[in-house]
2 protein chains.
Amino acid sequence: MDHSALFQKFVAFTADLHEVSHELTRGVKSEDVTPVQYKILEYMMVSQPVTPSEIADCVDLSLPNTSRELRKLMEKGLCEKATDDADRRRQLFRLSTDGQAMMGRVFAQAQQGFEQRIAGLTEDELKEVEAALELLQRKVFQ
Amino acid sequence: MDHSALFQKFVAFTADLHEVSHELTRGVKSEDVTPVQYKILEYMMVSQPVTPSEIADCVDLSLPNTSRELRKLMEKGLCEKATDDADRRRQLFRLSTDGQAMMGRVFAQAQQGFEQRIAGLTEDELKEVEAALELLQRKVFQ
DNA sequence: CCATTTACTTATCTTTTGATAACAAAAAGG
DNA sequence: CCTTTTTGTTATCAAAAGATAAGTAAATGG
């Protein structure tokens, strides 16, 4: 198989997915968070609680800037901080009730957009989609 | 099929792909362009020539800000401007020789990273990957 | 103990990005 | 023609994000 052609398809695919996911989360701008702050909240949504170091790693932010954004998120009442009892240097951050609610709304809206996209598919086609997602993750993303 | 479960998988998939593509284009930071400028160059790479309006639409930038970034890219010698003869209001932008060369390097590096990821796959598996990409584009991205 | 390392914070400054107003030139359409 | 619309530019200001220096407190490891 021609690896270059496959790479081209991968690039086009990536561009398309990026556009779709951007469209699905478009509504977030109405809420009062910046893009970087949203990325932090999204990360908290999937792995809670998290330390500033973990966030800095995964969101690709310096530790001082992570600290600043976390402070802003706390001021907005979207997340909470607690000291780790096992290691009192570590700070554990999690979404507050409001933060959970907000991210819940965002995900619900994204899911609704996703549902519309797959609305016309049959059961068999849905299974194909699921299989394709799993195959790409397994073979390409590792 | 459970649509919520499928959506969860889609979210995880999107996050993974985002991470991979970020890793593949990591080396661009060494070149002297900002993230927004890189997006413009990437867009020019796939569709040339482009007008400021088209860029503004696709890269999600206001027209004044697009104009500013295009000026910076021209100052850096990465793209060129020419007036459309058919409609002299329209400005046609394309990559300069340097710009082509730079994006060529970026794509070559990304392709190299991609090759490593698929290095262990058999011919049949590569065909599966290609089929999965096409299926998702057809059924979900439209 | 005590020096060193780790985890985080605060403060400050620069760069990048976003938003808006005002303008110019070409085209479109009576 | 002459008004209106389209396309793009320039200028300016504010907000967001990046970078770096300096400092604190807790843990680690002789």
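Chain letters run A, B, ... following the sequence lines, proteins first and then strands; every chain starts at 1.
Residue A/Thr34 places at least one side-chain N or O closer than 4.0 Å to OP1 or OP2 of D/dA17.
Counting distance only, with no hydrogens placed and no angle test, the side-chain atoms of B/Arg90 and the base atoms of D/dT7 include no donor-acceptor pair under 3.5 Å. No N or O donor and acceptor, one from the side chain of A/Asp87 and one from the base of D/dA26, sit under 3.5 Å apart.
Ring geometry, B/Phe7 versus A/Phe107: the interplanar angle exceeds 60°, so the pair is classed perpendicular (tilted spans 30 to 60°).
Dense packing is recorded around NE2 of A/His3, with more than 12 heavy atoms of other residues, nucleotides or ligands lying under 6.0 Å away.
Of the two residues contacting DNA chain D, namely A/Ser62 and B/Arg68, the nearest-nucleotide position lying further toward the 5' end is that of B/Arg68.
In this structure, B/Pro35 reaches the sugar-phosphate backbone alone: every heavy-atom distance under 4.0 Å involves primed, P, OP1 or OP2 atoms, never a base. Across all strands, A/Lys81 comes closer than 4.0 Å only to sugar-phosphate atoms, never to a base (heavy-atom distances).
To the nearest 0.5 Å, atom CG of residue B/Asp57 and atom CG of residue B/Leu63 are 9.0 Å apart.
Between the A/Ser96 side chain and the A/Gly77 main chain, a donor and an acceptor come within less than 3.5 Å of each other.
Computed from coordinates, the A/Glu69 CD to D/dA17 C1' distance equals 7 Å when rounded to whole Å. Remark: C1' of C/dA7 and CG of A/Asp85 are 16 Å apart, rounded to the nearest angstrom.
With C/dT17, D/dG18, C/dA26 as the choices, the nucleotide that has an atom nearest any side-chain atom of A/Leu61 turns out to be D/dG18.
Within a heavy-atom distance below 4.0 Å of DNA chain C, the residues of residues 51-59 of chain A found are A/Thr51, A/Pro52, A/Ser53.
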